[in-house]
Amino acid sequence: VSRSWLLTEPLLAERPQGASRAAVLMNGLGATKYEELFVLFGSVHRILRAADVELVLPEVGELVTSLDMAGCSLTITWLDEELEDLWRAPADAPAFRRDAGAARTAKADPSAMSARPATPAAGIPRPGGQPDDGRVAQLSDSSRRAARLVQASLRAMLGRVLEHEEQLGQLDAVAGDGDHGVGMVRGLRGATEAADSSAAAAGDVLRSAAEAFADRAGGSSGALWGALLGGIAEGLAVVDPPDAATVSAAFERGTAALQQLGGCSLGDKTMFDALRPFTDELADRVAAGETLAEAWRAASQMATTSAAATADLVARRGRARPLGERSLGTPDPGATSMAMCLDAVAEVLESA
């Protein structure tokens, strides 16, 4: 009951004078069981009725989620005649549906509660598989090895992030909702599955992984990693199998794609603060004649150092930006996970 009051009392305090009818939404954030939502809503319902609030077709379920985030939210919208007609009207959208029968029920019994089932993601075909042009049969042994190296690299990235999922979540909780670790695991798991199901060249394998990452991770990190991996994939398609210079140029292409999408610069306290130093160091080392494994190791160390240094920055972009000076002292979670992934790939290259 005390938790119910924590949810309802601040909202009731902002009740407009004379308002008595309300649309009420009890929303789970992704990891709260429906049984718990219904129990909590029962208490909220009693409190609202005791305050002479008439609930109009309340909704309970997962309406706006944040991956596997625990907890819930309560929304109360005070209704006038026009808003109530709109609230009761039939709706057919990907994340919200109400048929004419529910609208009629609302007229007969405005307090009838609607349990909102979880809405599956839009039916986007999973990337992966083999290209349709028959190139698989023409791949050389060295091309197949390069593709397997991409697959192994993605698996290593997933393993590393899984080890540090909780740490990444704690860093993200300073400025956001603490789901960065969860999102990275989801994205990398999707990318790994897509890559492992592909028997194409390295660039095609990575392109499938990029699409799957963006699809599964969600949020800004998913979109930015999708742009990064997609840009690298386009660069790898230039030479098959790719050599060190091709990989370096591909990373420049991917880094540019991420920067263009995110509008970020060095010093903004984002993942770009780890990626840009890595890309530059990789290019310098490769140009100096180092092997890809040697150059990558040095560049990944640069990324790790740069990610740690974001603790000294004030966020200028991303979710930490509103914190201003309060973001000082905490490394950026996106830069940290970027450095982790790049270091994991270094180990794969050194053992290849």
Side-chain angles (χ1 to χ4, degrees), residues 66-67 69 157 160-161 164-165 167-188 191 210 213-214 217-235 248-284 296 298-346:
S66 183
L67 299 179
M69 183 176 176
M157 291 163 61
R160 182 66 60 85
V161 171
H164 298 278
E165 179 180 356
Q167 174 194 348
L168 293 172
Q170 291 171 349
L171 290 177
D172 187 45
V174 173
D177 50 17
D179 65 353
H180 182 67
V182 173
M184 286 296 297
V185 168
R186 287 167 63 103
L188 282 168
F213 196 115
S220 58
S221 291
L224 291 170
W225 269 93
L228 170 64
L229 297 177
I232 297 171
E234 294 298 322
S248 176
F251 254 86
E252 180 59 48
R253 185 167 184 164
T255 300
L258 181 147
Q259 183 178 22
Q260 181 178 12
L261 179 62
C264 45
S265 301
L266 282 174
D268 284 347
K269 196 165 186 171
T270 68
M271 66 175 70
F272 189 73
D273 287 300
L275 177 62
R276 182 74 264 175
F278 170 87
T279 303
D280 291 344
E281 185 71 12
L282 183 68
D284 291 344
W296 194 292
S300 69
Q301 291 171 347
M302 177 67 74
T304 300
T305 301
S306 300
T310 60
D312 299 326
L313 298 175
V314 174
R316 298 192 302 225
R317 294 193 69 84
R319 289 188 295 185
R321 181 179 58 82
L323 292 177
E325 296 290 336
R326 287 180 294 166
S327 67
L328 279 171
T330 303
D332 178 69
T336 302
S337 61
M338 175 68 70
M340 288 177 179
C341 290
L342 295 171
D343 183 71
V345 177

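All figures in this text were calculated on a predicted structure; none of them were measured in a lab. Just so it is clear, the values below take in all heavy atoms, side chains as well, and ignore hydrogens, waters and symmetry mates.
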Handout entry: Salt-bridge present (E281, R276; N to O < 4.0 Å)
Key = no

What are the two closest non-hydrogen atoms of [X] and [Y], and how far apart are they?
{"X": "T255", "Y": "L228", "answer": "N-CD1, 3.8 Å"}
{"X": "A227", "Y": "L261", "answer": "CB-CD2, 3.9 Å"}
{"X": "A339", "Y": "A307", "answer": "CB-CB, 3.9 Å"}
{"X": "A274", "Y": "A303", "answer": "O-CB, 3.6 Å"}
{"X": "V161", "Y": "G181", "answer": "CG1-O, 4.3 Å"}

Measure the spacing between [atom1] of [X] and [atom2] of [Y] and express it to the nearest 0.5 Å.
{"X": "L224", "Y": "C264", "atom1": "CG", "atom2": "SG", "answer": "6.5 Å"}
{"X": "T330", "Y": "Q170", "atom1": "OG1", "atom2": "CD", "answer": "11.0 Å"}
{"X": "L282", "Y": "F251", "atom1": "CG", "atom2": "CZ", "answer": "7.0 Å"}
{"X": "Q259", "Y": "L266", "atom1": "CD", "atom2": "CG", "answer": "7.5 Å"}
{"X": "L342", "Y": "L275", "atom1": "CG", "atom2": "CG", "answer": "7.0 Å"}
{"X": "M338", "Y": "M157", "atom1": "CE", "atom2": "CE", "answer": "8.0 Å"}

Main-chain N/O of [Y] paired with [X] side-chain donor or acceptor, under 3.5 Å:
{"X": "D332", "Y": "A335", "answer": "yes"}
{"X": "K269", "Y": "V314", "answer": "no"}
{"X": "D268", "Y": "S265", "answer": "yes"}

Exercise for the section: Any chance you could lay out the side chain to side chain contact (heavy atoms under 4.5 Å, CB included) test for S221 and H180, step after step, and finish with the verdict? Expected result: CA-CA 8 Å; S221 291; H180 182 67; 3.5 Å; yes

Practice task
Check the pair L258, M271 against side chain to side chain contact (heavy atoms under 4.5 Å, CB included), reporting the backbone distance first and the verdict last.
Solution key: CA-CA 10 Å; L258 181 147; M271 66 175 70; 3.6 Å; yes

Exercise for the section: Anything under 30° is parallel, anything over 60° is perpendicular, the rest tilted; go ahead and classify W225 against F213. Expected result: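 Judged by the thresholds at 30° and 60°, the geometry between W225 and F213 is parallel.
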
Would you say [X] and [Y] make side-chain contact, with heavy atoms under 4.5 Å?
{"X": "S337", "Y": "H164", "value": "no"}
{"X": "S306", "Y": "M302", "value": "yes"}
{"X": "L188", "Y": "C341", "value": "yes"}
{"X": "S300", "Y": "V345", "value": "no"}

Handout entry: Check against side chain to side chain contact (heavy atoms under 4.5 Å, CB included), R253 and I232
Key = CA-CA 6 Å; R253 185 167 184 164; I232 297 171; over 6 Å; no

